[in-house]
Amino acid sequence: MGRILNHQRWLRWLMPGLEVKRWLLLLTLAILIIDLGASYALKYLYSEVTFPGYVATLTLQFVPKTLRAVIFVVAGVGLLLFSIIKLQRSVIGPFLPGGDRSMADMIYAFRTRSRGPRLVAIGGGTGMSTLLRGLKQYTSNLAAVVTVADDGGSSGRLREEYRILPPGDFRQCLIALADAEPLVKQLFNHRFHEGSLDGHSFGNLFIMAMAEVTGNFEHALRESGRVLAVRGAIIPSTLQDVTLVASVNGTMVEGESKIPKQNAPITRVFLKPDQAELNPEAALAIMNAELIVVGPGSLYTSILPNLMVPGMVKTIKESPALKVFVCNVASQHGETDNYNVSDYLRVLHDHVGENLFDFVLVNANLNHLPTGGQTQVMFDYQAATRSSPRVRFIAGDVVNTRIPSHHDPDKLARLLMKRVWEA
């Protein structure tokens, strides 16, 4: 019985709707009737009309009838295939990103991604958008859980003036997951440099305006995703207005943007108020996930603000998904100066406890040195395994050779899918 139901699902997926089939059948019947009429007309002409000599040559009268039939059938099939290919490129091509790809390639890629793992990425900032750009090539079942603690730049100004969640990190995720034209992505990233809009990006203003139109920030993200043809969902980790607080040299520093500027060791971070609740949509995505990826990104100001949301760590632990932490390839000034892999794990253990992750991905390509005073995050294997004995470490080349302080989206996604998911 189950096999029969499965075949029925495949048939419903492969075959068009009943209405479409009805009109296709009628169209085919009409073509056959026209062909039949044309055949009778040709038979009459051949028997009743005398044609000039060149007509016999054009209609291959000097070729045996059997071979003549084969030639005409092959020529007809060739023209039919050629016209179908040109039709799909001219009609469907303009609506597809990368319109130079064939329809078969597009369908294959779409079906492959739709069968990809249900994956949740947790983080924020540039690291999150880098991860999403790579993962969207392997699965369309993506959910990005994004921090809402940003209070700097354009996001901070909009957050303070309009009392909305900071849109900056959400804008970056939207662009990373978008299938829109490059000009549209460039438009969303465009930043004004004069007048009252100085410092604001168009994408931030668009999300803010959409939130006012829809009356809800979550609805604004969904509608913005439709505009950009986003693959996946983008979800705030919490819907409440929270402030990131850090203990730096015994002094409490409030504000995500202020913490790295202290240039001093950070002892601990937490959210204020501490009654913030985990977004139910984020919790549902995590519980339904098959693979959860935390990082890369700023350890104290992008990763931990998500994990500090009450209920987040508990939900991650209860999820049946594989849990992966992606360690940064370079230190971040003011946050993780001279940190090794074991230092990242120590900070995570201090804040969220042990045994949260099944895998830790680290960079093994040390041939490209980051610039601007940053240092490489070294994989100190002995210390890392002592601090996390149950974790499986996966080392690979994930560095972006053009920007050595960042991950390469394709390398990172390939390592995740090949070494973690397929294994």
Side-chain angles (χ1 to χ4, degrees), residues 94-99 106 109-148 150 154-155 158-159 162 164-191 200-239 278-286 288-289 291-293 297 302 306 409 413:
F95 301 98
L96 298 174
M106 295 297 300
F110 174 80
R111 291 179 177 174
T112 302
R113 289 194 299 266
S114 67
R115 294 194 297 266
R118 295 187 301 276
L119 195 150
V120 171
I122 301 175
T126 304
M128 169 71 93
S129 58
T130 298
L131 174 68
L132 295 177
R133 276 198 300 274
L135 288 177
K136 74 176 183 180
Q137 305 302 327
Y138 293 90
T139 179
S140 57
N141 302 312
L142 269 171
V145 178
V146 184
T147 177
V148 297
D150 187 10
S154 171
S155 291
L158 293 174
R159 176 182 179 181
Y162 293 95
I164 65 168
L165 296 179
D169 286 351
F170 296 97
R171 183 195 80 248
Q172 293 188 53
C173 292
L174 284 168
I175 296 171
L177 289 176
D179 266 344
E181 292 295 326
L183 183 60
V184 177
K185 296 181 182 181
Q186 185 179 351
L187 174 65
F188 265 67
N189 262 336
H190 175 72
R191 196 170 294 275
H200 285 300
S201 70
F202 174 81
N204 288 357
L205 298 176
F206 181 91
I207 295 172
M208 185 202 71
M210 189 68 79
E212 289 193 354
V213 170
T214 61
N216 184 290
F217 191 82
E218 290 177 287
H219 290 168
L221 290 177
R222 293 191 191 100
E223 295 304 320
S224 300
R226 291 181 184 178
V227 171
L228 291 171
V230 162
R231 299 179 191 170
I234 301 171
I235 309 168
S237 57
T238 180
L239 299 176
L278 177 62
N279 183 357
E281 190 177 351
L284 181 62
I286 292 170
N288 288 332
L291 181 63
I292 297 173
V293 182
S302 290
N306 283 305

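The model shown is predicted, which means the values in this text are computed figures rather than measured ones. Keep in mind that the numbers below use all heavy atoms, side chains included, and drop hydrogens, waters and symmetry copies. One is the number of the first residue; the rest follow in order along the sequence.
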Let me confirm one number: the [atom1]-[atom2] distance from [X] to [Y], rounded to the nearest 0.5 Å.
X	Y	atom1	atom2	result
Ile235	Cys173	CD1	SG	11.0 Å
Glu218	Leu165	CD	CG	8.5 Å
Ile164	Met210	CD1	CE	12.5 Å
Leu239	Glu281	CG	CD	8.5 Å
Ile234	Leu174	CD1	CG	3.5 Å
Leu177	Leu135	CG	CG	9.0 Å

Do [X] and [Y] come within less than 4.5 Å of each other through their side chains, counting heavy atoms only?
X	Y	result
Leu205	Leu158	yes
Leu119	Tyr138	no
Pro236	Leu221	yes

Of Thr147, Asn306, Asn279, the residue whose pairing with Ser237 passes side chain to side chain donor-acceptor pair (under 3.5 Å) |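 It is Asn306, the one option of Thr147, Asn306, Asn279 that forms the side chain to side chain donor-acceptor pair (under 3.5 Å) with Ser237.
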
Closest heavy-atom contact between [X] and [Y]?
X	Y	answer
Pro167	Phe217	CA-CZ, 4.4 Å
Asp169	Gly124	OD2-CA, 4.0 Å
Phe170	Val146	CE2-CB, 3.7 Å
Ala121	Leu131	CB-CD2, 3.7 Å
Pro166	Arg159	CD-CD, 4.0 Å
Val120	Val145	CG1-CG2, 3.8 Å

Donor-acceptor pair, side chain of Thr139 and main chain of Pro117, under 3.5 angstrom =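 Between the backbone of Pro117 and the side chain of Thr139 there is a qualifying donor-acceptor contact (under 3.5 Å).
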
With no hydrogens and no angle check, is any side-chain donor or acceptor of Lys136 less than 3.5 Å from a backbone partner on Ala178?
->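 Yes, the answer is positive, given that a donor and an acceptor are paired below the 3.5 Å cut-off.
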
Would you please test Val227 and Phe206 for side chain to side chain contact (heavy atoms under 4.5 Å, CB included) and show each step?
-> CA-CA 11 Å; Val227 171; Phe206 181 91; 4.1 Å; yes

Report yes or no: do Asn204 and Arg171 form a side-chain donor-acceptor pair below 3.5 Å?
->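 Distance-only check passes for Asn204 and Arg171.
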
